[in-house]
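Have a look at the structure below, then the notes.
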Amino acid sequence: MREEIIFAGFGGQGIMLMGKLLAYASMFNGRFVTWMPSYGAEVRGGTAHSMVIISDKSIPSPVVSNPSCCIVMNRPSFDKFEERVKKGGLLIINTSLIKRPVKRKDIEVVEIPATDIANRLGNTRVANMVMLGCLVARKKLILLNELSDSLKEVIPGHRHQLIPLNERALKEGFNYGSR
């Protein structure tokens, strides 16, 4: 098993947190993992992406050029990464912020209104967890509760009061992705 994943969006959308959470949860469950963040010119508001590789074998390089899975949170990221997804791969699109149709016909596409779902939960900042929950449902990379259990490891202690909200967002995304 080997999955190469890119999470992409604006700085401030929790792009790094998504990748780090998936990497930690996978590592705690005995997988080989790499996580590599990449920031644009500005952190908040600029473009950002993180690359995660999960494997049952050693990983020689953390670089992901052609992901098997890609989550895009905004239009610039969609424009940049749509063509990079491997043939037969998975592209998950935040349709709350992306209105352009997908050009490719050789990949699986999941369209999810993640920001709208997060807003309904009370905080648009958990749209990243909605998207991650959807990915886990579609690819079965890890169990949802294993992902939730890892939240306390990646969310700073002074923000642990937000863990229940993040867990609800993961579950909403998982339920959406399970359709």
With sequence neighbours left out, which residue pairs that include part of residues 50-60 fulfil the side-chain hydrogen bond (donor to acceptor under 3.5 Å, both in side chains) condition? none

Test: side-chain hydrogen bond (donor to acceptor under 3.5 Å, both in side chains). Region: residues 162-175. Which pairs qualify, not counting sequence neighbours? R120-E172

Side-chain donor or acceptor of Y176 paired with backbone N/O of E111 under 3.5 Å: yes

Is the backbone N or O of A114 less than 3.5 Å from a side-chain atom of N94, with the two atoms forming a donor-acceptor pair by type? yes

Does any non-hydrogen side-chain atom of [Y] lie less than 4.5 Å from one of [X]?
| X | Y | result |
| --- | --- | --- |
| V52 | I54 | yes |
| R75 | K99 | no |
| V110 | I93 | no |
| V33 | M27 | yes |

List the steps and the verdict of side chain to side chain contact (heavy atoms under 4.5 Å, CB included) for I15 and N128. CA-CA 7 Å; I15 302 305; N128 61 338; 5.9 Å; no

Tell me whether E82 is salt-bridged to R84, with the criterion being a basic N under 4.0 Å from an acidic carboxylate O. no

Any chance you could lay out the side chain to side chain contact (heavy atoms under 4.5 Å, CB included) test for M129 and L170, step after step, and finish with the verdict? CA-CA 5 Å; M129 293 296 116; L170 284 167; 3.9 Å; yes

Quick one: side-chain hydrogen bond (donor to acceptor under 3.5 Å, both in side chains) partners of S68, sequence neighbours excluded? E3

List the residues meeting side chain to side chain contact (heavy atoms under 4.5 Å, CB included) with D116, not counting sequence neighbours, and say none if there are none. S96, P113

Can you name the side chain to side chain contact (heavy atoms under 4.5 Å, CB included) partners of I107, sequence neighbours left out? V85, L91, R104, V109

Positive for ring pair (Phe, Tyr, Trp, His ring centres under 6.0 Å) with H49, one of F7, F78, W35, F81: F81

Which donor-acceptor pairs under 3.5 Å do the side chains of residues 131-144 make with protein atoms, sequence neighbours left out?
residue, atom, partner, partner atom, Å
R138, NE, E108, OE2, 3.2
R138, NH1, G177, O, 3.0
R138, NH1, R179, O, 3.4
R138, NH2, E108, OE2, 2.8
K140, NZ, A137, O, 3.1

